[in-house]
Each structure stands twice: as C-alpha cells, then as structure tokens.
Visitor: 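The structure follows.
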2 protein chains.
Amino acid sequence: MNIISYNVNGLRSALSKGLVEWVREASPDVLCLQEIKAGREPLDVSGLEALGYHAYLHPARKPGYSGVATFSKQKPLAVVEGCGTALYDDEGRVLRLDFPGCSVLNVYMPSGTSGPERQAFKVEWLHFFRRYVRELQAAGTPPLVIGGDFNCCQRDIDLHNPKANQQSPGFTPEERQWFQDLLADGYTDSFRHHHGDATGHYSWWTYRAGARARNVGWRLDHLLVDRELQPRIQEAHLLPDVVHSDHCPAQLVLNV
Amino acid sequence: MNIISYNVNGLRSALSKGLVEWVREASPDVLCLQEIKAGREPLDVSGLEALGYHAYLHPARKPGYSGVATFSKQKPLAVVEGCGTALYDDEGRVLRLDFPGCSVLNVYMPSGTSGPERQAFKVEWLHFFRRYVRELQAAGTPPLVIGGDFNCCQRDIDLHNPKANQQSPGFTPEERQWFQDLLADGYTDSFRHHHGDATGHYSWWTYRAGARARNVGWRLDHLLVDRELQPRIQEAHLLPDVVHSDHCPAQLVLNV
DNA sequence: CGTCTCACG
DNA sequence: CGTGGGACG
C-alpha cells in the first residue's frame, strides 16, 4: 500500500502545474492532500477521478483557505470528515478513510507563523489532536496511518538551521516535546524508521531567497504509523524533486 | 507639442511591460496617464524621469485604485492637483499642468460599469466637470487641452456595437448628450477633427473573448482642445498597436 | 514568494 | 480577463 501525503499549497495551482500527470506515474493507493485552498465548486478533480481515484474533500469554511482532500483507489469502508469540533472542522484540517487493516488520517495542522494568537491556537490544537487520536484508538478504529503537514518537527536534524529556530513556530521546545509525546503514545515516524539519522531531508522550503535551491528547509510533512503497523513499513521517502508547491510529497509503502 | 493620453490600467504593470522604452520612442512632450493604481511609495517613476520628464502624481486615497499622473519635458508654470472637491479628489481624477499658451487637464472620468450607484456618481461627475471647466475658463486659465479616459463616447461610430449598447454605461443617451454639450461649450474632439467620420478606431477593448484581436472596442479616450487651439491641431491619432493595457494611447500634435 | 479571495473595471 | 490589495502561510 503506497501512501503519499502532499501539501499542495492550492490544489488548482498544483493541477495547473501537472499534478495529475505526476500522480499517474507515482500511482499512490492513497493520496492525502493538504491546503487545497478551494471548495467543491471551484475545484475540478475529474483528472484524478479519471485515474481511478475516489475523491473525498474536506474544505474549510473560508474560501481559499486550508482544507484537505484524500484520493483512494480502493473504496474505503468508511469516510469521516472532520473531528467533530467545529472550531477545527471549520478550517478543514482532518479527514479519515478507513480500510481493512488500517485507517488513513489526513491532517493539516495549523501554522503558527502569522502571530502569537495563531501559535496559541496551534498548541491547543496539538493537545486536542493527541487526545483525539487516543479516542480513535479506544473506539476501535483500525490502526492509524497519520499523514499530513504537521507544521512542526522534532529533532535538530529535521531542519536546516535548528540553532536559529529554537523559538520559531514549528520547533519550539513545547512542540518538540509534543511530537516526542505523540511518538511515545505508540507511533513511528516512518521516514526516520527507514532513514535513521540521515540529514538534509526536508519537505518544505520558503519561497524566499532561493531556499529550495540551497536546500534550506524543514521536515514538516510526516507519515506516522501505529506501532502495530511498524513491522510493515517497507519504504519511506521524501520526494524533493516533485515541485508543484513549496512542500514536497512524503511517501510510505506499507506491506498490507 | 506632442501630447499623449494613456489609461495604463496599473502603472506598475505597464512599466513591467516596457512602458519606458515605448515613451522614449514616442517622445511626447506631455504624457497624461490614468489609472496608475498606485501611490507615490510603491511607484518607481525614475525610468521616466531619466528620459527628462518632470513627474506629477495625483493618486487616489484608496491604494491600488484609480489615480492620474502627468509627465512633462517642459517644467510647467503651475501644477494643480485635483479639482477642489474632496469627493472627487479622493479618487485621483484630475491633474492640471499650465504651460505658456495652453493648459493640459489630465482627467480620468468614473466608470459606471460596476452598478447603478456608480453610474449615478458618474453622471453627477460629468455635470460637475462641465461646470468646473467653465470656471477654469472664467478664471483665465490658458486654453485647455482636456486629455484622458472619458469612459464615454458620443457617436455610433465611436464603438463597435452601438445598437446593443444604447443603455450601456458610456453610451447612454444622457452621456451622449453630455458629450455633445461639452463640445458645444467650445471644445473640439481632435481625433474627429483630423479623421472625420472614420470608423473602427477604438481606444479600449475588454480583455474578455479576444475583443482586441477582433477590434470589438470603444473610443473612450479623448483629447479635446479649446476652440482657440483648434487651428493648431496638426495631427491626432489612436495608437492601437501599443499594448501595455486594455486601453491604447491617444495622441495629439499641436502647433505651438 | 506565492496562492487565494475581493473590489474594480 | 487582468491589476492591485490584503490575508495567510
């Protein structure tokens, strides 16, 4: 099972840059997109449907903002839009597809970069999210693959300049601790599992100052798997040569 | 004296498309621009100043909206920004430069196309403008050259589809009458003076549906001259091959 | 820097 | 259709 998570920074923009052609070649079984930045009407996903995908959209209430979408070759057993909390569901941040043996939770976590207010919102979200995941487990949801733009990372090797970013949203001590706690809850970072302490692997680069060309980036996009699924991790990669967005896709191949 | 009026639909956009290079070649003595859509700070007119022009800007209060600018090789005897009525001056619509023997009044008249409210505003403006011009004459202003985007025209031959536009803003009976009255006040439409009843000469084409390629346009940009100056009209042209905007420049060569 | 919505034309 | 702003990232 080939699962790809990709923050497309505007699905229409990504489609205009050849997203469909790339998906045809990459051929993921499940494709989790974040920041689709469009609702159902302005969006034309027929190109992806023509490749055989079932399309599930969870846009934000505010036009042109946030939103997630998951595309699946296999028809899921169940689809759950949102997390049941309007505060977050209005921002289109979570979308779950259940399959036999695993559940794919597509998530776009808030960015804290626009100011302290949004950073506070993000931190509240992070704590909410851990509780939410625990509740899903308790409710008997199949073992989770959590794929998405986490807007944070855990270790010094997850960003180009850890020293300068000790207090930057996405790498504050609080967020790093949170990430560690989430892993301790029983999740495996599939990229680290497969690549160990490899450095210089990032999934986001600011558009400014030629950061991507110089590989001045952050690893913000993750595919975590329930500890039950860990033995099934076959491959896990970032795909930095794929350029429809300021993020690149993260990929996980699971033996199921 | 070579005078050009040009609605640039965003001066920054026009500059990015090579406006300075074109101005160097056209070499007008006075250049009246409308819809500069920027204030003094975001604007860099050093390219035009480097050609030897004195720059006079009258931006709107609202950023990115309306605004006129006049560039002159000769330093004018006087410069008058606005018309003294805040309602109009907030929208950056008139800018007068006085020279020995003539005064160039750069004007961007309101468009009525966004709705009946703005059309009513436009009609009030039109009547205000005739009074204003009469007051200028009475005050002993040198004979006027009125150059700008009038956002209206007078005769059937001034637009591609007069039948279908009898009630369209820019060609309502009320506006056509107003135009005729303005001419009767003692002004000459320099283009008609030079070209008689020539057809198919327009200065604006909608961006939609390839209208410019099919020459489906309107003659909205005019250079009127005081009856005193009429004998001095040497040439008057539209320059439809000049493409920095959805308008083209209008040119007048005056014998002074 | 880039994508999106909105006002305006 | 296209410019320019502002929100957001």
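Every chain is numbered from 1 and lettered A, B, ... according to where its sequence line falls, protein lines coming before strand lines.
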Visitor: Output yes when at least one side-chain N/O atom of B:Arg12 is less than 4.0 Å from OP1 or OP2 of D:dG5, else no.
Guide: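 Yes.
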
Visitor: D:dG4 P sits how many Å from B:His244 NE2, rounded?
Guide: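 From B:His244 NE2 to D:dG4 P: 14 Å.
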
Visitor: To the nearest angstrom, how far is B:Leu15 atom CG from D:dT3 atom P?
Guide: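 One finds 13 Å between P of D:dT3 and CG of B:Leu15, rounded.
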
Visitor: Starting from C1' on D:dC8, measure out to CZ on A:Phe121 and report it in whole angstrom.
Guide: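 The answer, rounded to whole Å, is 14 Å.
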
Visitor: Not counting sequence neighbours, which residues clear salt bridge (charged side-chain N to carboxylate O under 4.0 Å, His left out) with A:Arg155? List them please.
Guide: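 A:Asp197.
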
Visitor: In this structure, how many angstroms lie between the C1' atom of C:dG2 and the CZ atom of A:Arg212, rounded?
Guide: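 To the nearest whole Å, that distance equals 13 Å.
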
Visitor: Rounded to the nearest angstrom, tell me the gap between atom CG in A:Asn9 and atom P in C:dG2.
Guide: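 A:Asn9 atom CG is separated from C:dG2 atom P by 10 Å.
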
Visitor: For A:Arg212, check salt bridge (charged side-chain N to carboxylate O under 4.0 Å, His left out) against everything at least two apart and list the hits.
Guide: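 Expected list: none.
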
Visitor: B:Glu81: what forms a salt bridge (charged side-chain N to carboxylate O under 4.0 Å, His left out) with it, not counting sequence neighbours?
Guide: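 Expected list: B:Arg40.
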
Visitor: Could you write out each protein N or O paired with an N or O of nucleotides 6-9 of chain C at a distance under 3.5 Å?
Guide:
unit_1 : atom_1 : unit_2   : atom_2 : d
C:dC8  : OP1    : B:Lys62  : NZ     : 2.9
C:dG9  : OP1    : B:Tyr65  : OH     : 2.9
C:dG9  : OP2    : B:Ser114 : OG     : 2.7

Visitor: Rounding to a whole Å, what distance do you find between A:Asp221:CG and D:dG9:C1'?
Guide: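 For the pair A:Asp221 CG and D:dG9 C1', the rounded distance is 13 Å.
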
Visitor: In terms of the nearest nucleotide of DNA chain C, which residue is placed more toward the 5' end: A:Gly10 or A:Gly210?
Guide: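 Nearest nucleotide further toward 5': that of A:Gly210.
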
Visitor: For A:Arg176, check salt bridge (charged side-chain N to carboxylate O under 4.0 Å, His left out) against everything at least two apart and list the hits.
Guide: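 Expected list: A:Asp156.
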
Visitor: Let's see if you can work this out: which of D:dG4, C:dT3, D:dT3 has an atom nearest to the side-chain heavy atoms of B:Lys17?
Guide: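 Among D:dG4, C:dT3, D:dT3, the one nearest the side chain of B:Lys17 is D:dT3.
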
Visitor: Give the rounded distance in Å between these two atoms: CD1 of B:Ile36 and C1' of D:dT3.
Guide: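 Spelled out: CD1 on B:Ile36 to C1' on D:dT3 is 13 Å.
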
Visitor: Using a strict 4.0 Å threshold on nitrogen-to-oxygen distance, state whether A:Asp90 and A:Lys62 make a salt bridge.
Guide: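 A:Lys62 and A:Asp90: not salt-bridged.
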
Visitor: Output all residues satisfying side chain to side chain contact (heavy atoms under 4.5 Å, CB included) with A:His237, sequence neighbours left out; order by chain, then residue number.
Guide: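 Residues passing side chain to side chain contact (heavy atoms under 4.5 Å, CB included) with A:His237: A:His194, A:His195, A:Glu235, A:Leu239, A:Gln251.
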
